[in-house]
Every structure is written in C-alpha cells, then in structure tokens.
Amino acid sequence: MQNKSNIFMTFGKMPIANNFINKENFKDEYFFEMSVAFDEKKSLFQLANFPKPTQMFNENYKFFTNSSKYMINHFENYSNELSKEFLNNKSKVIEIGCNDGTLINFFNSKGFDCLGFEPSKNVADLAKKKGLNIITDFFGPNFEEKNFKKQTNLICAANVICHIPDLENLIKGIDYFLSDDGIFVFEEPYLGSMFEKVSYDQIYDEHIFMFSISSINKIFDLFDFQLVDVLPQVTHGGSMRYVIGRKNKHKKSEIISKYLDEEQKKKLDTIESCLDFKKACELSKKMTLEKLNKFKADNKKICGYAATAKSTTVLNYCDIGNDIIDYICDTTNEKIGKFSPGTHIPIVSMNYFKKNIPDIAFLFAWNHKEEIFLKEKKFVENGGTWFSHVAL
Ligand code: SAH
Ligand code: TYD
C-alpha cells in the first residue's frame, strides 16, 4: 500500500517488525522498502509504503499489552482519569485495538457497557477469555452494533490510531458510534519526542503515521470533529494524548494554541525538521556501529535485551546480525525459540540471559528502562553494561 507525498528518506528493505520467524521460513520472508514521507498539507509524517494490515494483524500477532507491568498500571490510571472526567454510571465505552483487553477490562470492571475491536485473533481471544465483549475485526463504520451506534460516550485507543492507514474510514467509524457529545481519546508516540531522542526505531511497518499536535489538529478539522485537548505522556519514550469531540460541542483547551506555537518554532509542521532528522538518523547509525565494533574488537560479549518491534528497524537499518549480537532475550513465550525478523538473531528466554550473562546488553526496550533496570540490578552490579542507540 502507498501514501502519496514527499519522500525524504529510506531505511532500506524491512521485514514485518513483529514477524519473529522459524528457520524454515527464512527463505520466503517478506520485505518492503521502508521509506518515509511528509505530507505538508496535513503536516503528517508517514510511511511511503507499507504492508497490508492483514499481513501484520492476524492470528499470529506477537505483541501483548500485558508484557509491561508499568503499562498495565498506566492503563489503569488512563481508565480512572477518563472515567472521572467524561463518564457517568450509564456510559458506554468502545476501545479500538484492545489487544489482550488490559485497558477495556479496567472500564468493564467499573461497570460501564464496553465493546472492544481487535483484529488479531490470538490477542482478541485472550480479551474474550476475560469475559469482555470483543469484535474480532478492524474498527470501522460497518458494524450493526445497535447498542453502541451513536450512543457511545467514550471511544478510547492507545498505540493503534497510528496503525490505521485509512484515516477517513476511521473517522467515519468514530462518527458512526460516538454520541452527540461523546469524546474520542487516543494516545500515540509523539513526533516531537522521536525527533528529540532520534528514536527512529519508532518507525516500522505498523506505525504508518507519527503524529504531532499540528497534524491531528489539521486532520480532524477536515471532518465534523475538532481537537479539544492534549496531554503529554511519558509512555513509549514520549507520547501525546489527544481529546477529540464533534465541532462546537466542547470547549477547546487554551493549551492547544501554545503547543501549536511551540511545534511551529521547532518546524514540526514542515518537512524542514524531517531533513534534520534524516541527518541525525544517519549519524546515529554510524555511531552505533562504531561503538558495537569497538566492543567486538575488545572481545566483549553482546546480547540484545527485549525483542521489540522497534528492534527490527535498528537491526535491519544498521545491518546488525548474529556476528555482533549473540542472542536477544525476551519475556514473550511466542517469540522465544524463533529468530529476529530479517537479521535472524535467536530469541531466548530470560533464564538463558541469566545463565549466559553478556558484557554488554543492547536495550531494545529503552522505553521501559525504569521497569527493566529495577529488575536487572544484578546485571550492572556484576559488571554488565547497558547500551542503546538512544540516550539511556
Ligand atoms: N492498545 C494496546 C495495543 C497496541 S498494539 C496497547 O497500547 O498496548 C495495536 C493493536 O491494535 C494490535 O493488537 C492490533 O491488532 C490492533 N489493530 C491494528 N489495526 C487496527 C484497526 N484498524 N482497528 C482495531 N484494532 C487494530
Ligand atoms: P515494547 O517497547 O512495549 O513494544 P514494541 O514491541 O512495540 O516495540 O516492548 C515489548 C517487548 O519487550 C515484548 O517482546 C516484551 C519485551 N519486554 C521484556 O522482555 N522485558 C520487560 O521487562 C519488558 C517491559 C518488555
């Protein structure tokens, strides 16, 4: 699939980021050219080409919300905050991309009438097992859910709106389900944070868009909706929560124009900032490889810590294979025993990490560093060193 706009850089051939694979499938692994573009009209950072959604979101999906204790806690707070601000005891709630049901379950436990949309069958089944009301499909306006049609008080989402290529169809779905004064709230990795940290690994097949306040403001304004509030989040290395309502139904927070001014100053609304980012990515790649090669020259053993989707971009863009990284340890049973997409580094359990302690651990889940550093204190006490392409 393709987005037509100004292409400004390519990360080269990329596999499906979450397609941790078996040896016998190496020969027919799928790759696409991961180039990125900027649509100046919408101030929208996006992938220029990407796989079909069903190639990424299906019964073999390998990301589980409950893989981070910090994120479970974050979603409990998210549900508490939204319930307090927007809901009453008769409210109806929809979640888009509910995965294993972590967030929607918090709303369900509070007694709201809840519905989740989740196209990846394996994770949707986990949510159903919790007794939740789930539609195993991509969200959109084409569902006969009489209970929720034009009656939903809150539609919420996290880390999924940037996965949806057809934004017009998404907004049609919001219009179809949302009540007259209902609210649509979602939080996604923030373009400004990615530029600041040079965390280019936020770019992979699933992340079709990297939103800013400027882009969200412009996109919803094209429809009968408007941005009414924003709230920065620390999750996933810097995210932004966006609150959307129908036009002229809610008071617009004054903070929005302040943030828009700031984004303009940083040129986040034009392709100029992207050109600086491109240079920063190239420098980051050079420095990462120099440091890894130096570790190798010094006979250091290097492993990867956490087989994140993000790691697929770092490893393939920098061309790092198992000549440099011996293994990647991870907590996800569905990834252990398989190999990293494209670069084919073995994925092992945390037990293996404990028994085969390396000198250097490349932290691919740098966004969860507080949680991970806390449980891996011994690694540093015993002389181990954390490493990453972003500042830790
Ligand atoms: N919200 C969770 C999961 C994020 S991963 C969290 O923040 O942890 C994104 C999830 O959205 C995946 O489970 C994927 O299957 C689902 N998804 C992808 N496209 C979707 C769409 N168009 N509609 C609904 N869900 C979608
Ligand atoms: P995350 O950064 O949440 O997502 P993504 O894959 O989208 O980049 O990382 C999730 C992965 O990190 C998942 O495979 C589990 C792993 N992980 C650990 O192995 N240990 C941990 O303590 C945490 C928090 C995650």
Side-chain angles (χ1 to χ4, degrees), residues 17-18 20 52-75 78 94-105 115-127 134-140 143 155-167 169-170 173-174 186-189 199 201-208 233 235-237 239 303-314 328-336 338 340-341 347-350 353 361 363-376:
N18 264 314
F20 293 86
K52 281 199 230 83
T54 46
Q55 282 176 274
M56 304 180 272
F57 310 116
N58 50 48
E59 66 284 1
N60 291 316
Y61 193 55
K62 295 211 168 39
F63 174 81
F64 301 81
T65 299
N66 72 2
S67 63
S68 160
K69 289 211 169 70
Y70 181 90
M71 289 308 294
I72 297 175
N73 190 41
H74 170 76
F75 286 129
Y78 185 35
I94 284 181
E95 185 188 353
I96 305 174
C98 65
N99 197 266
D100 59 16
T102 300
L103 172 60
I104 195 76
N105 198 27
L115 174 65
F117 283 86
E118 177 47 67
S120 301
K121 187 175 181 305
N122 61 328
V123 288
D125 285 349
L126 292 176
I134 305 293
I135 294 184
T136 308
D137 209 339
F138 294 92
F139 177 76
F143 293 94
I155 301 180
C156 64
N159 310 304
V160 59
I161 302 307
C162 68
H163 296 51
I164 302 181
D166 187 348
L167 290 174
N169 192 57
L170 162 83
I174 301 296
F186 60 101
E187 48 184 54
E188 309 286 310
S199 47
D201 51 340
Q202 286 291 5
I203 304 168
Y204 53 91
D205 53 3
E206 295 179 21
H207 288 181
I208 288 155
Q233 304 291 315
T235 47
H236 292 307
S239 299
C303 88
Y305 192 102
T308 58
K310 292 185 290 296
S311 70
T312 297
T313 296
V314 181
I328 306 174
C329 57
D330 196 276
T331 51
T332 313
N333 284 335
E334 288 77 356
K335 293 180 185 175
I336 296 165
K338 299 204 156 41
S340 65
I347 314 298
V348 301
S349 67
M350 287 299 167
F353 170 71
L363 182 58
F364 291 124
W366 51 268
N367 47 312
H368 298 304
K369 68 175 179 193
E370 280 83 9
E371 179 173 353
I372 292 171
F373 287 174
L374 205 63
K375 62 183 171 190
E376 300 293 0

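Order of appearance sets the numbers: ligands from 1, and atoms from 1 within every ligand. Predicted, not measured: the structure shown is a model, and the values here were computed from it.
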Side-chain heavy atoms of Ile96 within contact of Ile155, under 4.5 Å: yes
Glu371 neighbourhood, listing ligand 2 atoms whose heavy-atom distance to it stays under 4.0 Å: 24 (C)
Which segment of Asn367 sits under 4.0 Å of ligand 2 when only heavy atoms are counted: side chain
Region of Ser311 engaging ligand 2 - heavy atom pairs below 4.0 Å: neither
Ligand 2 to His236 polar contact by distance, N or O atoms, under 3.5 Å: no
Protein contact to atom 11 (O) of ligand 1 [nearest heavy atom, distance to 0.1 Å]: Val160 CG2, 3.2 Å
Ligand 2 to Tyr204 polar contact by distance, N or O atoms, under 3.5 Å: yes
contact_flag Glu206 ligand 2 heavy-atom lt 4.0 Å: no
Non-hydrogen atom of Pro119 closer than 4.0 Å to ligand 1: yes
Numbered atoms and elements of ligand 1 in range of His163, under 4.0 angstrom, heavy atoms: 9 (C)
Residue portion contacting ligand 2 (non-hydrogen atoms closer than 4.0 Å) for His368: side chain
Ligand 2 contact on Phe63 by region, counting heavy-atom pairs under 4.0 Å: side chain
Ser68-ligand 2 polar pair, N/O distance under 3.5 Å: no
Atoms in ligand 1 flagged as close to Thr65, the criterion being non-hydrogen separation under 4.0 Å: 2 (C), 3 (C), 6 (C), 8 (O)
Residue portion contacting ligand 2 (non-hydrogen atoms closer than 4.0 Å) for Thr331: both
The one among Gly116, Gly97, Gly140, Ala158 that brings a heavy atom closest to atom 24 (C) of ligand 1: Gly97
Minimum-distance protein heavy atom relative to atom 9 (O) of ligand 2: Thr308 CG2, 3.3 Å
Proximity of Ile164 to ligand 1 by residue part, where a heavy atom lies under 4.0 Å: side chain
Ring center gap for Phe138 and Phe117 short of 6.0 angstrom: no
Residue part near ligand 2, for Met350, under 4.0 Å between non-hydrogen atoms: side chain
Proximity flag Lys62 to ligand 2, non-hydrogen atoms under 4.0 Å: no
From the candidates Ala17, Ala306, Cys329, Ser67, the one that places a heavy atom nearest atom 23 (C) of ligand 2: Ser67
Contact atoms of ligand 1, heavy-atom distance to Phe63 under 4.0 Å: 5 (S), 8 (O)
Subset of ligand 1 atoms that lie under 4.0 Å from at least one heavy atom of Ile96: 23 (N), 24 (C)
Thr332-ligand 2 polar pair, N/O distance under 3.5 Å: yes
Nitrogen or oxygen of Lys310 less than 3.5 angstrom from that of ligand 2: yes
Taking atom 7 (O) of ligand 1 as the reference point, the nearest protein heavy atom with its distance: Asn159 ND2, 2.8 Å
Enumerated ligand 1 atoms positioned under 4.0 Å from heavy atoms of Phe139: 21 (C), 23 (N), 24 (C)
For atom 10 (C) of ligand 1, the protein heavy atom that lies nearest, with its residue and separation: Glu118 OE1, 3.9 Å
Part of Lys69 with heavy atoms under 4.0 Å of ligand 2, whether side chain, backbone, both or neither: neither
Proximal ligand 1 atoms for Phe57, defined as those under 4.0 Å from one of its heavy atoms: 14 (C), 15 (O), 18 (C), 19 (N)
Ligand 2 to Asn18 polar contact by distance, N or O atoms, under 3.5 Å: no
Protein contact to atom 21 (C) of ligand 1 [nearest heavy atom, distance to 0.1 Å]: Phe138 CD2, 3.6 Å
Shortest protein contact, atom 5 (S) of ligand 1 (heavy atom only): Tyr61 OH, 3.6 Å
